[in-house]
Amino acid sequence: MESILEQNSQGIETLYGSSNVRNKKLRGIKEVAEFICKDGQYGDLTIKRKDGRLFLRTNGIYVREIFDFDYAEKLFKILVPMQREVAKEGGEEKMNEFEKMRRMAERYKAEYPPGTRVVLHHMADPYSPVESGTRGTVKHVDDAGQLHMQWDNGRTLALVPGEDSFRKLTAEELAEEQGPVLDEEVVDTPVQSM
């Protein structure tokens, strides 16, 4: 009988990483660290267990939440030196918080230009969040990196990367939204009036 947890040869659970760039099966701590340092440069990451439960979240290349402290200890031994190398290459160690925020906002502006379609997974707004599964269109990204939205349900609440969970629509989802392609041939049919 197969175990509920799929494990690799090191006895470490196989995890599933999701970024703005790709989804990846992660078969060990080193692969998780490499995924965080590579894909985290392009946005926030989510890594889940096989059953879909959240395992960890990042803000870029930095872990924001992790739900297994034993794993975290092993991961950080590999991850922290890799993060230092990435930070040095990008000059991040010399940046102040304002410059980091400005660069992140510029990255979001490039990644989510006006008209980009997204689907919301979860909104962290405790008072009046937009419902999960709602689709919307990016109107603009402000200098703080918030994505100002026009949601399909009429709402206009902004997305906050790193707090809210969302993704771009796939090419297939965009094609579905466009509806079926009609033949260009127009058939003249008589109109009957009474």
Side-chain angles (χ1 to χ4, degrees), residues 16-24 32-48 54-67 79-80 82-179:
Y16 299 86
S18 178
S19 73
N20 294 332
V21 180
R22 63 187 171 149
N23 294 319
K24 183 168 175 48
V32 170
E34 289 170 348
F35 179 74
I36 290 170
C37 285
K38 184 174 182 181
D39 288 34
Q41 293 180 61
Y42 302 103
D44 300 334
L45 308 175
T46 302
I47 298 178
K48 295 184 177 184
L54 184 63
F55 188 78
L56 73 82
R57 272 190 254 216
T58 73
N59 283 343
I61 65 169
Y62 301 104
V63 175
R64 178 175 55 152
E65 291 179 289
I66 188 164
F67 297 95
L79 181 61
V80 170
M82 293 171 87
Q83 289 171 325
R84 286 185 182 134
E85 284 302 311
V86 170
K88 283 180 191 174
E89 291 169 8
E92 198 170 300
E93 289 182 342
K94 298 173 186 168
M95 278 190 269
N96 63 30
E97 285 302 310
F98 176 77
E99 182 62 16
K100 285 180 188 177
M101 197 165 115
R102 187 191 68 75
R103 285 189 182 188
M104 186 160 298
E106 290 304 315
R107 187 176 79 213
Y108 290 137
K109 287 177 183 180
E111 192 172 335
Y112 299 100
T116 301
R117 295 282 293 158
V118 300
V119 61
L120 179 67
H121 294 298
H122 172 74
M123 183 171 275
D125 186 312
Y127 304 106
S128 185
V130 173
E131 277 188 41
S132 297
T134 303
R135 293 180 179 192
T137 304
V138 175
K139 290 301 180 188
H140 74 278
V141 178
D142 66 22
D143 291 336
Q146 296 182 76
L147 283 68
H148 292 262
M149 301 295 300
Q150 178 63 55
W151 294 103
D152 291 357
N153 64 5
R155 306 237 357 238
T156 57
L157 199 57
L159 285 171
V160 180
E163 290 184 27
D164 301 324
S165 176
F166 61 96
R167 67 172 172 78
K168 289 181 184 180
L169 293 183
T170 65
E172 292 82 18
E173 290 168 326
L174 290 170
E176 285 175 10
E177 284 190 347
Q178 300 301 317

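Along the sequence shown, residues carry numbers from 1.
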All pairs passing side chain to side chain donor-acceptor pair (under 3.5 Å) where residues 158-167 contributes a residue, at least two apart
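Output for this query lists Arg167-Glu173.
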Run the salt bridge (charged side-chain N to carboxylate O under 4.0 Å, His left out) test against Asp152 and tell me which residues pass, sequence neighbours left out.
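In terms of salt bridge (charged side-chain N to carboxylate O under 4.0 Å, His left out), with neighbours along the sequence ignored, Asp152 is linked to Arg117.
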Could you list the residues that satisfy salt bridge (charged side-chain N to carboxylate O under 4.0 Å, His left out) with Lys24, not counting sequence neighbours?
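In terms of salt bridge (charged side-chain N to carboxylate O under 4.0 Å, His left out), with neighbours along the sequence ignored, Lys24 is linked to no residue.
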At what distance, to the nearest 0.5 angstrom, does [atom1] of [X] lie from [atom2] of [Y]?
X	Y	atom1	atom2	answer
Lys109	Asp142	NZ	CG	7.5 Å
Leu45	Thr58	CG	OG1	3.5 Å
Glu106	Met101	CD	CE	11.5 Å
Leu169	Arg135	CG	CZ	5.0 Å
Ile36	Gln41	CD1	CD	12.5 Å
Leu157	Leu147	CG	CG	12.0 Å

Does the side chain of [X] reach to within under 4.5 Å of the side chain of [Y], using non-hydrogen atoms?
X	Y	result
Phe55	Thr46	no
Met149	Lys139	no
Leu120	Leu159	yes
Leu56	Phe67	no

Identify the heavy atoms of Pro161 and Gln146 that sit nearest to each other, and give their distance.
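Minimum heavy-atom contact is CD-CA, 4.4 Å.
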Nearest atoms (heavy-atom pairs only) where Ala105 meets Ala144:
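Shortest heavy-atom contact: CB-C, 4.3 Å.
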Is a side-chain N or O of [X] found less than 3.5 angstrom from the main chain of [Y], in a donor-acceptor match?
X	Y	result
Asp44	Gly60	yes
Gln83	Ile61	yes
Asp125	Ser128	yes
Lys168	Val119	no

Give me each pair satisfying ring pair (Phe, Tyr, Trp, His ring centres under 6.0 Å) with a member in residues 108-134, each pair once, sequence neighbours excluded.
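Residue pairs passing ring pair (Phe, Tyr, Trp, His ring centres under 6.0 Å), neighbours aside: Tyr112-Phe166.
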Answer yes or no: are there more than 12 heavy-atom neighbours, outside [X] itself, under 6.0 Å from its atom [atom1]?
X	atom1	value
Gln150	CD	yes
Asp143	CG	no
Lys38	NZ	no

Can you list everything that forms a side chain to side chain donor-acceptor pair (under 3.5 Å) with Arg57? Sequence neighbours excluded, please.
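Counting only residues at least two positions away or on another chain, Arg57 forms a side chain to side chain donor-acceptor pair (under 3.5 Å) with Glu65.
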Could you tell me which residues satisfy side chain to side chain donor-acceptor pair (under 3.5 Å) with Ser18, sequence neighbours excluded, listed by chain and number?
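Asn23.
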